[in-house]
Student: 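Before anything else, here's the structure in question.
Because the structure is a prediction, the values reported are computed rather than measured. To find a chain, count down the sequence lines: A is the first, B the second, and so on, and within it residues start at 1.
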2 protein chains.
Amino acid sequence: MERSTRQRRAIREAFLEAGRPLSPQEVLELAKQKVPSLGLATVYRTLKGLVEEGFLTPVALPGEPSRYEPAGREHHHHFLCRLCGRVFELSGCDLTLESHLPPGFLAEGHEVTVYGRCPDCA
Amino acid sequence: MERSTRQRRAIREAFLEAGRPLSPQEVLELAKQKVPSLGLATVYRTLKGLVEEGFLTPVALPGEPSRYEPAGREHHHHFLCRLCGRVFELSGCDLTLESHLPPGFLAEGHEVTVYGRCPDCA
DNA sequence: TCCCGCATGAAAACTTCTTCTCAAGTTGCT
DNA sequence: AGCAACTTGAGAAGAAGTTTTCATGCGGGA
């Protein structure tokens, strides 16, 4: 991940413009609007590089293929629209569940996913 | 899913004895202690049948293959041990996140996964 | 502008998980 | 016990996502 190519710029921009976690397929579709010849292999290669250089972090959701979002954001969770399949960021978190775990369990982190309809699909 | 065979009894018992969500592989290992000849294909077939007849429900966790647990339990969430990879049930849920979603979003459900160390691995 | 070397795209290969195929083994009714 | 039908086990096949291969295409320093 060294040179600045049209493809890599398009993929970076796709994340900045989308403002939500994107799957490799979504990245392909969005970035293809700027670089129509873009291939899926390049998307995967670039995502890998952007994670290594700290621009992106992977986002895993239950039963979903992995997505990516810009790194360095505050602790937050995600909303998955059951209709269009898009994922959105939810700000904030008042989860206190970690404090009443059964004895002996040691919490190190948590993830919350809310399911429903996004504004476009509601 | 009609006949009562050694295999199907062993798989049902595995869930009742484990008391936690099991992946197909875990089911195979546990049930094999009772029926050593057990094959993975039978595990998948039986899991499918047990879901259809309402004895089990699927459990999806971020980035994990699907697991199954006895159906009909109260609303609850899950704990994934990062060391041994086993999943445990967490009782209760005081999540209020659904009430302060951004405008336009409609929540229909949620999932919480806590990561850490289980008592055996802590 | 030239040119080396990294990057790209398409297809093949791989992984991981799950389902199907089919010959052989069991179940349960009689 | 006898038998028809259902079930099983092993391996092949399928599905979905991701990585690799390799010939060709570009980026950017000299």
Student: For the backbone of A/Y115 and the side chain of A/R82, can you confirm whether one donor and one acceptor N or O come within less than 3.5 Å of each other?
Tutor: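 Between the backbone of A/Y115 and the side chain of A/R82 there is no qualifying donor-acceptor contact (under 3.5 Å).
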
Student: Please evaluate the base of C/dA7 for a donor-acceptor partner in the side chain of A/R45 within a cut-off of under 3.5 Å?
Tutor: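 It does not, because no donor-acceptor pair links the side chain of A/R45 to the base of C/dA7 below 3.5 Å.
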
Student: To the nearest Å, give me how far apart CG (A/L38) and C1' (D/dC26) are.
Tutor: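 Nearest whole value for this atom pair: 15 Å.
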
Student: Just wondering, do B/H78 and B/V59 contact through their side chains at under 4.5 Å, heavy atoms?
Tutor: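 B/V59 vs B/H78: side chains touch.
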
Student: Look at the side chain of B/R9 and the backbone N and O of B/S4, then say whether any donor-acceptor pair between them is shorter than 3.5 Å.
Tutor: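 Yes; at least one donor-acceptor contact below 3.5 Å.
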
Student: Of all the nucleotides listed (D/dT18, D/dT7, C/dG9), which has the minimum atom distance to the side chain of A/P24?
Tutor: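 Of D/dT18, D/dT7, C/dG9, D/dT18 is nearest to the side chain of A/P24.
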
Student: In whole angstrom, give the distance that lies between atom CG of B/L40 and atom C1' of C/dC17.
Tutor: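 Taking CG of B/L40 and C1' of C/dC17, I get 9 Å after rounding.
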
Student: Can you check the A/R9 CZ to D/dG28 C1' distance for me, whole Å?
Tutor: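 Those two atoms, CZ and C1', are 12 Å apart.
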
Student: Between P on D/dT19 and CD on A/E52, what's the gap in Å once rounded to a whole number?
Tutor: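 Result: 11 Å.
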
Student: Is any N or O donor-acceptor pair between the side chain of A/R3 and the base of C/dG5 shorter than 3.5 Å?
Tutor: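 In this structure, the two groups form a donor-acceptor pair.
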
Student: Is any side-chain heavy atom of A/R86 closer than 4.5 Å to a side-chain heavy atom of A/E26?
Tutor: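 Sidechains of A/E26 and A/R86: in contact.
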
Student: Under the criterion side chain to side chain contact (heavy atoms under 4.5 Å, CB included), I'd like the reasoning laid out for A/R8 against A/R45: C-alpha separation, chi angles, the key distance, then a yes or no.
Tutor: CA-CA 10 Å; A/R8 289 175 190 173; A/R45 270 188 297 244; over 6 Å; no

Student: Round to a whole Å and report the spacing from CD1 of A/I11 to P of C/dG9.
Tutor: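 Spelled out: CD1 on A/I11 to P on C/dG9 is 9 Å.
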
Student: Measure the distance from CD on B/E2 to C1' on D/dT7 and round it to the nearest whole Å.
Tutor: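 B/E2 atom CD is separated from D/dT7 atom C1' by 11 Å.
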
Student: Among D/dG17, C/dA11, D/dT7, which is the nearest nucleotide to the side chain of A/A41?
Tutor: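 So the nucleotide nearest the side chain must be C/dA11.
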
Student: Can you tell me which nucleotide in C/dG9, D/dG17, D/dG9 comes closest to the side chain of A/P65?
Tutor: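 Selected nucleotide: D/dG17.
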
Student: Check the distance between D/dC26's P and A/Q7's CD and give it to me in whole angstrom.
Tutor: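 So the two atoms are 9 Å apart, to the nearest Å.
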
Student: Mapping B/S4 and B/Y68 to their closest nucleotides on DNA chain C, which lands nearer the 5' end?
Tutor: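 Final value for this comparison: B/Y68.
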
Student: Do the non-hydrogen side-chain atoms of B/L30 and B/E17 ever get within less than 4.5 Å of each other?
Tutor: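 Not in contact.
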
Student: Check whether any side-chain N or O of A/Q25 sits under 4.0 Å from OP1 or OP2 of D/dT18, and answer yes or no.
Tutor: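 No, outside the criterion.
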
Student: By nearest atom, which of the nucleotides C/dT27, C/dG9, D/dT8 is closest to the B/R6 side chain?
Tutor: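 Nearest to the side chain of B/R6 among the choices is C/dT27.
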
Student: Indicate the ring-plane relationship of A/H77 and A/H110, choosing parallel, tilted or perpendicular according to the 30° and 60° boundaries.
Tutor: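 Judged by the thresholds at 30° and 60°, the geometry between A/H77 and A/H110 is tilted.
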
Student: Between B/S66 and A/K32, name the one whose nearest nucleotide on DNA chain C is closer to the 5' end.
Tutor: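 So the residue in question is A/K32.
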
Student: Dot-bracket, DNA chain C: Watson-Crick or G-U, under 3.5 angstrom, [ ] crossing, | other strand?
Tutor: ||||||||||||||||||||||||||||||

Student: Figure out the CD/P separation between A/E26 and D/dA16, and round it to whole Å.
Tutor: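 Answer to the nearest Å: 17 Å.
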
Student: Quick check on C/dG9: is either OP1 or OP2 less than 4.0 Å from any side-chain nitrogen or oxygen of A/T42?
Tutor: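 So the side chain of A/T42 is within the cut-off, an N or O lying under 4.0 Å from OP1 or OP2 of C/dG9.
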
Student: When you measure from the side-chain N and O atoms of B/T5 to the phosphate of C/dT27, is any distance below 4.0 Å, counting only OP1 and OP2?
Tutor: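 So the side-chain polar atoms of B/T5 never come under 4.0 Å of the phosphate oxygens OP1 or OP2 of C/dT27.
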
Student: Looking at B/E53 and B/R12, is any side-chain nitrogen of the basic one under 4.0 Å from a carboxylate oxygen of the acidic one?
Tutor: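 Between B/E53 and B/R12 there is a salt bridge, with a charged N closer than 4.0 Å to a carboxylate O.
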
Student: Below 4.0 angstrom from OP1 or OP2 of C/dT18, is there any side-chain N or O of B/Y44?
Tutor: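 Checking C/dT18 against B/Y44, a side-chain N or O does come within under 4.0 Å of OP1 or OP2.
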
